[in-house]
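Single-structure report; data block below.
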Amino acid sequence: MPTFPWINHEWLTDIGMYLVYNQFGQQTLLLLALFIFTCSFFLVRKPEQFLDFAFPVALGYLALMSFLGIRPQILTVFFVALLWRLTTDFLERDSKVFYLVPLIIFAWTNLHASFMAGLIVLTGFLLLELFTHAAKQVKYFKFLQYFYIKEQPAKKIFILAAVLLVSFLATFINPYGISIYEEVFRTTNDNFLRAHIIGWFPLVLSDFMPFLYIYLAVFISFLLILHRKIEINNIAFSLFFFLLSLLSVRSILLFVIVTIPTFIEIFSQLRKQIDVKSFAVISLRDKSLLGVLATVVMFIFILGLFQFSVSSIDAQFYPAQAVSFIKEMPPSENLFNDYSWGGYLIWKIPERKYFIDGRMPSWRQGDHFVFEEYFEVMEAKEGFEMYLNKYDISYMLLRKDTI
C-alpha cells in the first residue's frame with residue numbers, strides 16, 4: 001500500500017529510541033523502558049508505610065511482566081500515572097502543578113497516540129465531580145449514601161474543565177494537526193484488528209497470566225469488603241478500566257496503574273483489621289470471602305508454576321538467520337512475510353519492500369485491505385492463491401510451525 005498516507009503517531013518516541021539505541025545499544029534502551037515503567041508505580045501515590053506500598057506494587061508489577069519490553073506503550077502507563085497524580089493532588093491539596101497538564105498532553109501527543117487515555121482520564125474526573133456535585137439534589141441517587149464521596153468546590157470543577165479544554169486544543173500541535181485523531185479512531189474502531197492481534201484480544205481470550213489473575217482476584221475482593229471507605233471516584237475508575245480490559249487486554253496496563261493507589265489504601269486499612277487480635281471481630285461474610293480468595297490465589301499460583309514449567313521459551317523469535325539469504329535475493333523477487341516480522345525485516349534490510357508490517361493492520365483504501373488479505377493467505381482460505389498471483393509473490397518467509 002505505497003500510497004497510503006501513513007500517520008506516524010509516535011514520531012518523537014521513534015527519534016528518541018533511535019538516539020538511545022545508536023549511542024548506547026539495545027540493553028540501555030531496555031533498561032530505560034523498564035525504569036520509566038517502574039517510575040509509574042511511584043508516581044501514582046507516595047507511600048506512607050513501606051509495607052502498605054510494597055505488596056500492591058510488587059503484585060501489580062508481576063501482573064504486568066508479560067507486557068514489558070522496549071515498547072512505546074510503556075509511555076502510556078507513565079503518562080497516565082503522572083496525570084493521575086497531578087489531578088488527585090489538585091483535588092486533594094490544590095496543587096498548582098496541575099496547570100502544567102496541557103503541556104504534558106502536548107508532549108504526550110507527539111510521543112504516542114495514547115494521549116487519548118489522558119483526555120479520557122481528565123474527562124472522567126470532570127464528569128464524576130459534576131455527577132457527585134449534582135447527585136445530592138436528586139432523590140434517585142440515594143444509593144450514593146453507601147459510598148464515600150469527597151465533594152469538590154465549584155471553582156475546582158471549573159478549573160478542571162478549563163484544563164481539559166486547553167489540553168484538548170494542545171493535541172492539535174503535532175505534525176499531522178487534527179488528522180492525528182484519524183489514526184486514533186481508525187485503530188480503536190477496528191473490529192478486525194481486535195479479532196486477529198493478540199494484544200487487542202478480550203481478556204478472557206488472552207494467554208494465561210497467573211499474577212494478573214491474582215491481582216484481579218485480590219483487588220476486587222478487597223474492594224468488595226471495604227468499598228464504603230474508598231472514594232467513589234476511585235471505584236468508578238477501577239470499574240471503567242476493568243471493563244475496558246475485558247474488551248481488550250492491552251487496557252489491563254491502565255487498570256493496574258490506576259488501581260494501585262486504591263489498592264494501597266485498601267491494603268493499609270485491611271491489614272490493620274485482620275491482625276491476630278482483631279480477626280475475631282470480622283464478619284463471617286468477610287472471613288468467608290478471604291478464605292475463598294486465599295484458595296483462588298493459591299490455585300492460580302500453582303497452575304501458573306505448572307504452565308511455566310512445561311512451556312518452552314523461544315529464545316530467537318525473529319528470523320535472524322534468514323537475513324543473509326534475503327539480502328541475496330533480487331529486489332524484483334517479492335517476499336510474503338510473517339506480520340510479526342515486518343518491522344524487523346525493515347530494520348535489517350530497509351532497501352527491500354515487504355508484504356506487511358506492524359503499522360498496517362487498520363490500513364484501508366476503498367476495497368483494498370491488506371491485513372485481511374494477509375490472513376486469507378495465512379489461513380489458506382479458498383482462493384487465497386489469487387493474492388499470491390496479484391502481488392507476484394516469489395518467496396514466503398514464515399515460521400516453521402505455520403505449515
Side-chain angles (χ1 to χ4, degrees), residues 30 33-34 36-42 44-45 51-71 73-74 76-78 80-81 194-195 197-226 237-268 270-271 274 286-315 317 340 401:
L30 176 60
L34 295 179
I36 293 172
F37 178 77
T38 304
C39 286
S40 305
F41 286 90
F42 290 88
V44 285
R45 184 61 59 90
L51 181 60
D52 298 333
F53 176 77
F55 175 74
V57 169
L59 188 56
Y61 205 102
L62 290 171
L64 300 181
M65 285 292 288
S66 61
F67 295 92
L68 300 186
I70 305 174
R71 307 176 64 188
Q73 192 180 1
I74 285 178
T76 308
V77 180
F78 175 81
V80 166
R194 296 179 185 280
I197 294 184
I198 294 176
W200 288 90
F201 281 5
L203 179 61
V204 294
L205 298 180
S206 301
D207 294 335
F208 180 71
M209 296 172 282
F211 286 108
L212 174 57
Y213 298 143
I214 290 174
Y215 183 93
L216 289 170
V218 173
F219 175 77
I220 293 173
S221 299
F222 285 2
L223 188 61
L224 289 173
I225 293 174
L226 294 176
F237 271 112
S238 300
L239 179 60
F240 174 73
F241 282 105
F242 178 65
L243 292 176
L244 285 184
S245 301
L246 292 179
L247 295 175
S248 174
V249 70
R250 64 191 293 117
S251 298
I252 205 70
L253 287 158
L254 302 184
F255 170 79
V256 170
I257 205 65
V258 164
T259 55
I260 282 292
T262 305
F263 202 156
I264 294 172
E265 185 178 352
I266 291 174
F267 185 73
S268 177
L270 195 61
R271 185 178 59 83
I274 61 174
D286 289 349
K287 286 182 180 179
S288 301
L289 185 57
L290 289 173
V292 172
L293 171 65
T295 303
V296 170
V297 167
M298 185 60 64
F299 174 76
I300 294 174
F301 185 75
I302 294 173
L303 189 60
L305 290 177
F306 174 77
Q307 184 195 50
F308 179 78
S309 65
V310 300
S311 64
S312 60
I313 300 175
D314 185 6
F317 175 78
S340 302
D401 59 358

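Counting begins at 1 with the first residue of the sequence.
Considering only heavy atoms from C-beta on, F219 comes within 4.5 Å of I266 through its side chain. By the 4.5 Å heavy-atom criterion applied to side chains, F241 and I257 are not counted as neighbours. A heavy-atom distance below 4.5 Å is not found between the side chains of F67 and V77. Contact check for P202 versus L246: no side-chain heavy atoms found under the 4.5 Å cut-off. Under the 4.5 Å side-chain criterion, counting only non-hydrogen atoms from C-beta, L59 is in contact with F263.
The side-chain contact (heavy atoms from CB on, under 4.5 Å) search around I198 returns F201, not counting sequence neighbours. Residues meeting the side-chain hydrogen bond (donor to acceptor under 3.5 Å, both in side chains) test with T76, sequence neighbours left out: S114. Partners of S340 under the side-chain contact (heavy atoms from CB on, under 4.5 Å) rule, at least two apart in sequence or in another chain, are F317, D338, R399. With sequence neighbours excluded, no residue satisfies ring-ring contact (aromatic ring centres under 6.0 Å, His included) with F240. Checked against side-chain contact (heavy atoms from CB on, under 4.5 Å), I70 has the following partners two or more places apart in sequence or in another chain: M17, Q26, L29, L30. T259 pairs by the side-chain hydrogen bond (donor to acceptor under 3.5 Å, both in side chains) definition with Y215, not counting sequence neighbours. S248 meets the side-chain contact (heavy atoms from CB on, under 4.5 Å) test with R194, W200, R250, S251; sequence neighbours excluded.
A donor-acceptor pair under 3.5 Å links the side-chain atoms of S221 to the main chain of A217, judged by distance alone.
The distance from atom OG of S238 to atom CG of L243, rounded to the nearest 0.5 Å, is 11.0 Å. In this structure, CD1 in I214 is found 12.5 Å from CE in M209, a value given to the nearest 0.5 Å.
When every heavy atom of S40 is checked against every heavy atom of A81, the shortest pair comes out as O-CB, 3.4 Å. Here the closest heavy-atom approach between residue V249 and residue G199 is recorded as CG1-O, 3.4 Å.
Using cut-offs of 30° and 60° on the angle between ring planes, the pair F41 and F37 is perpendicular. Ring-plane geometry between F53 and F42 is classed as tilted, the angle between the planes lying from 30 to 60 degrees on a 0 to 90 degree scale.
When each of L244, L212, L247 is paired with L203, the side chain to side chain contact (heavy atoms under 4.5 Å, CB included) condition holds for L212 and for no other.
Contacts classified as side chain to side chain donor-acceptor pair (under 3.5 Å) and involving residues 55-67 (residues at least two apart or in different chains) are given here: T38-Y61.
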Audit row: F267, V218, side chain to side chain contact (heavy atoms under 4.5 Å, CB included) steps and yes/no: CA-CA 10 Å; F267 185 73; V218 173; over 6 Å; no

Verdict with reasoning, L64 to F211, per side chain to side chain contact (heavy atoms under 4.5 Å, CB included): CA-CA 8 Å; L64 300 181; F211 286 108; over 6 Å; no

